[in-house]
**Student:** 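Could you have a look at this structure, given as structure tokens, before my questions?
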Amino acid sequence: MVKINENFLKLPGSYLFSEVARRINAYTTAHPGTEIIKLSIGDVTRPLAPEVIKAMHGAVEEMGTVEGFHGYGPEQGYEFLREAVAQGDYTARGVDIRPEEIFISDGAKSDCGNIGDIFGVDNVVAVCDPVYPVYVDTNAMAGRAGEYQEELGRWNRLIYMPCVEANGFSPEPPKEKADLIYLCSPNNPTGAVISREKLKAWVDYANANGSVILYDSAYEAFITSEGVPHTIFEIEGARTCAIEFRSFSKTAGFTGSRCAYTVVPMELERGGAKLNALWNRRQCTKFNGVPYVIQRGAAAVYTPEGRAQIMSNIDYYRENARVIREGLTGAGLTCFGGVDAPYIWLKTPDGLGSWEFFDQVLAQANVATTPGAGFGPSGEGYIRLTAFGGAEATRTAVERVKGILR
């Protein structure tokens, strides 16, 4: 008889955002014609930049010729995009990252989950709490998380690092030894960032313990505060302990086009093996690369015109974040984030549970949010709001929520 991966049976309920969508659909089915404004799932709404579209059109024209046709591309990504990433995202900041250390992919979510393929299942994993669910669920699927403790809302083999108001929602290195450490800055869901000083402490911890930091900086483009690192490789020693994930999804609106990249430095070795070589082997076996047309569009992000256009869209979302943060703070709610990230982390009023407040806001204000409890035990008592909607819809949503608070 065929045996299944029983780790999947240990996963609690459904994926967080699937459950959010299910509840929204159930409500709209029961109340036909109701207009729901979604400040829940972090999907962008601004169109692709004109320079990106122009580059994609050119690539499509190329594909229609014998001379310009592209079939299977390099699994690591085309050299033109890897070089653009190295120059635009690293060299421009005084950071030495080489094209051969960059792997183009179809999404940071995919890479954050797939990176586990190159690590043994007996590694001890540390995650922030609250946490982006993919970090936890993919390790649970691989068997690293152990057993799910329903009463605690956590896995018994994972190290949960509380990110709470008392520590500025910034994780501290655990007392116990962690092998794989997931960090996300700017953070999803709290919107907090890790300071240079704290990130240096993490790098020192990882090098001292032989750990590997899996650093998700998908929201780097939203950083506005001075002195906040835009990449972990700004920190001395990071090249021997860190892998970084980046995405064009939120930076350039590629949620529907799918393009991202992962940086694995040549100096990073564990168990006598170069992790760059292991990740390359994994990608060559399981991945056929991002389409040529998409990669040409991504490369256009690094032109002066493309950069200006995507920053205009990012400023649009930053303004939405300001509207949400200031509007709800003015209504008496306690909000965090929304400065260096497109997410606002809102404390529920009157001690309400996060799913309870989710249902209340959905039913009374017709606004969808994301319950903090879905991000881990420390997320209870909060909801996450996203700034990726339209400007008018965002203002309307804020007024609706303020209305039910009155």
**Student:** Can a donor-acceptor pair be found, under 3.5 Å and without considering hydrogens, that links the side chain of R46 to the backbone of I314?
**Tutor:**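 Not at all, since once roles are kept as given, no pair shorter than 3.5 Å links the two residues.
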**Student:** Checking the side chain of Y316 only, and the main-chain atoms of G390 only, is there a donor and an acceptor separated by less than 3.5 Å?
**Tutor:**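 No: the side chain of Y316 does not pair with the backbone of G390.
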**Student:** Answer yes or no: are there more than 12 heavy-atom neighbours, outside E226 itself, under 6.0 Å from its atom CD?
**Tutor:**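 Counting other residues, nucleotides and ligands, CD of E226 stays at 12 neighbours or fewer.
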**Student:** Do T262 and D111 pair up side chain to side chain, a donor and an acceptor below 3.5 Å, judged on atom types alone?
**Tutor:**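 Their side chains do contain a donor-acceptor pair, which is all the 3.5 Å distance test asks for.
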**Student:** Regarding D89 and Y261, is there a side-chain donor-to-acceptor distance under 3.5 Å anywhere?
**Tutor:**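 Side chains of D89 and Y261: pair found under 3.5 Å.
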**Student:** Is there a side-chain contact between L346 and T334 in this structure, where contact means two heavy atoms from C-beta onward sitting under 4.5 Å apart?
**Tutor:**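 No, their side chains stay 4.5 Å or more apart.
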**Student:** Does atom NZ of K200 have more than 12 heavy-atom neighbours, drawn from other residues, nucleotides or ligands, at distances under 6.0 Å?
**Tutor:**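 Atom NZ in K200 is packed in, count exceeds 12.
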**Student:** Step through it carefully: locate the ring centre of F169, locate the ring centre of F336, and say whether they are under 6.0 Å apart.
**Tutor:**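 For F169 and F336, the ring centres are under 6.0 Å apart.
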**Student:** Could you check whether any side-chain N or O of S247 sits under 3.5 Å from a backbone N or O of S249, counting only pairs where one atom can act as donor and the other as acceptor?
**Tutor:**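 Yes, S247 side chain to S249 backbone: donor-acceptor pair under 3.5 Å.
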**Student:** Report the C-alpha separation of I37 and R400 in whole Å, then their side-chain angles, then the decisive distance to 0.1 Å, and conclude whether the side-chain contact (heavy atoms from CB on, under 4.5 Å) test is met.
**Tutor:** CA-CA 10 Å; I37 299 178; R400 287 184 183 181; 3.8 Å; yes
**Student:** Quick one about R296 and Y292 (side-chain donor to acceptor, distance below 3.5 Å, no hydrogens or angles considered), yes or no?
**Tutor:**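 Side chains of Y292 and R296: pair found under 3.5 Å.
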**Student:** Run the side-chain contact (heavy atoms from CB on, under 4.5 Å) test on L199 and S185 for me, step by step, so that the C-alpha distance in whole Å, both residues' side-chain angles and the decisive distance to 0.1 Å come before the verdict.
**Tutor:** CA-CA 10 Å; L199 198 51; S185 180; over 6 Å; no
**Student:** Honestly, is R23 close enough over W355, meaning NZ or CZ under 6.0 Å from the six-membered ring centre and within 45° of the axis?
**Tutor:**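 Flagged: R23 positioned over aromatic ring of W355.
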**Student:** For the residue pair E267 and T240, confirm or rule out a side-chain donor-acceptor distance under 3.5 Å.
**Tutor:**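 E267 vs T240: no donor-acceptor pair found between side chains.
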**Student:** What I'd like to find out is whether the side chain of P130 reaches to under 4.5 Å of the side chain of C163, using heavy atoms alone.
**Tutor:**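 P130 reaches C163 side chain to side chain.
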**Student:** Is it the case that over 12 heavy atoms from other parts of the model lie below 6.0 angstrom from the NZ atom of K198?
**Tutor:**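 Atom NZ in K198 is packed in, count exceeds 12.
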**Student:** Within the structure provided, determine whether C335 and W345 are in side-chain contact (heavy-atom separation under 4.5 Å).
**Tutor:**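 A side-chain contact is absent here, since even the closest heavy-atom pair is not under 4.5 Å.
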**Student:** Could you tell me if the side chain of K38 sits less than 4.5 Å from the side chain of I24, heavy atoms only?
**Tutor:**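 Result yes, sub-4.5 Å side-chain heavy-atom pair found.
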**Student:** Got a donor-acceptor contact below 3.5 angstrom from the K250 side chain to the G42 backbone?
**Tutor:**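 Yes, the answer is positive, given that a donor and an acceptor are paired below the 3.5 Å cut-off.
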**Student:** Determine whether the side chains of T303 and R307 contain a donor N or O and an acceptor N or O closer than 3.5 Å.
**Tutor:**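 No, no side-chain donor-acceptor contact under 3.5 Å.
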**Student:** Indicate yes or no for a side-chain donor-acceptor contact from N139 to the backbone of Y135 under 3.5 Å, with no hydrogens or angles considered.
**Tutor:**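 Confirmed, N139 side chain pairs with Y135 backbone.
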**Student:** Go through the steps for I4 and E6 under the test side-chain contact (heavy atoms from CB on, under 4.5 Å), then give the verdict.
**Tutor:** CA-CA 6 Å; I4 62 170; E6 294 188 0; 4.3 Å; yes
**Student:** If the plane angle is over 60° it's perpendicular, under 30° parallel, otherwise tilted; pick one for F80 and Y78.
**Tutor:**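 Ring orientation, 0 to 90° scale: parallel.
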**Student:** Is a side-chain N or O of R157 found less than 3.5 angstrom from the main chain of A145, in a donor-acceptor match?
**Tutor:**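 Here the side-chain-to-backbone pair does not exist.
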**Student:** Would you tell me whether T190 and N187 have side-chain atoms, one donor and one acceptor, within less than 3.5 Å of each other?
**Tutor:**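 Distance-only check passes for T190 and N187.
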**Student:** If we ignore hydrogens and angles and just use 3.5 Å, is the side chain of N207 paired with the main-chain N or O of D204 as donor and acceptor?
**Tutor:**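 Side chain of N207 to backbone of D204: no pair is present.
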**Student:** Taking atom CD of E176 as the centre, report whether more than 12 heavy atoms of other residues, nucleotides or ligands fall under 6.0 Å from it.
**Tutor:**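 Atom CD in E176 is packed in, count exceeds 12.
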**Student:** Mind running side-chain contact (heavy atoms from CB on, under 4.5 Å) on V124 and K177 for me, showing each step along the way?
**Tutor:** CA-CA 8 Å; V124 176; K177 180 180 178 294; over 6 Å; no
**Student:** Do L333 and P349 have side-chain heavy atoms sitting under 4.5 Å apart?
**Tutor:**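 A side-chain contact under 4.5 Å exists here.
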**Student:** Relative to the ring of F248, is the ring of Y302 parallel (under 30°), tilted (30 to 60°) or perpendicular (over 60°)?
**Tutor:**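 Rings of Y302 and F248: perpendicular, over 60°.
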**Student:** Could you check whether Y219 and Y343 have their ring centres less than 6.0 Å apart?
**Tutor:**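 Between Y343 and Y219, the centre distance is under 6.0 Å.
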**Student:** If we count only N and O atoms by modelled type, under 3.5 Å, do the side chains of E244 and T231 hold a donor and an acceptor together?
**Tutor:**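 The criterion, which ignores hydrogens and geometry beyond distance, is satisfied for T231 and E244.
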**Student:** Could you verify whether a donor N or O on one side chain and an acceptor N or O on the other, from Q87 and E83, lie under 3.5 Å apart?
**Tutor:**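 Yes.
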**Student:** Got more than 12 heavy atoms from elsewhere within 6.0 Å of CZ, R196?
**Tutor:**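 Above 12, so yes.
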**Student:** Is the closest side-chain donor-acceptor distance between N7 and R144 under 3.5 Å?
**Tutor:**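 Distance-only check fails for N7 and R144.
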**Student:** For the residue pair D106 / S110, report whether a side-chain donor-acceptor contact shorter than 3.5 Å exists.
**Tutor:**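 Yes, a side-chain donor-acceptor pair sits under 3.5 Å.
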**Student:** Only one of I194, V263, I213 passes side chain to side chain contact (heavy atoms under 4.5 Å, CB included) with I232; say which it is.
**Tutor:**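 Only one option passes, and that is I213.
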**Student:** Please step through side chain to side chain donor-acceptor pair (under 3.5 Å) for the pair T34 and N366, ending with a clear verdict.
**Tutor:** CA-CA 8 Å; T34 302; N366 297 150; 5.2 Å; no
**Student:** Show your working on side chain to side chain donor-acceptor pair (under 3.5 Å) between N280 and Q76 and close with a plain yes or no.
**Tutor:** CA-CA 7 Å; N280 184 64; Q76 305 82 2; 2.7 Å; yes
**Student:** Identify which one of D179, I181, L275 satisfies the side chain to side chain contact (heavy atoms under 4.5 Å, CB included) criterion when paired with V212.
**Tutor:**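 Between V212 and the candidates, side chain to side chain contact (heavy atoms under 4.5 Å, CB included) is satisfied uniquely by L275.
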**Student:** Taking Q364 for the side chain and V361 for the main chain, is one N or O donor matched with an acceptor at less than 3.5 Å?
**Tutor:**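 Such a contact is absent between Q364 side chain and V361 backbone.
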**Student:** Taking R325 for its side chain and G338 for its backbone only, find out whether a donor-acceptor pair lies under 3.5 Å.
**Tutor:**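 It does hold such a pair.
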**Student:** Would you sort out whether S18 and R22 count as a side chain to side chain donor-acceptor pair (under 3.5 Å), showing the intermediate values?
**Tutor:** CA-CA 6 Å; S18 298; R22 187 194 68 77; over 6 Å; no
**Student:** Would you say the side-chain atoms of T348 pair up with the backbone N or O of G381, donor to acceptor, closer than 3.5 Å?
**Tutor:**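 Side chain of T348 to backbone of G381: a pair is present.
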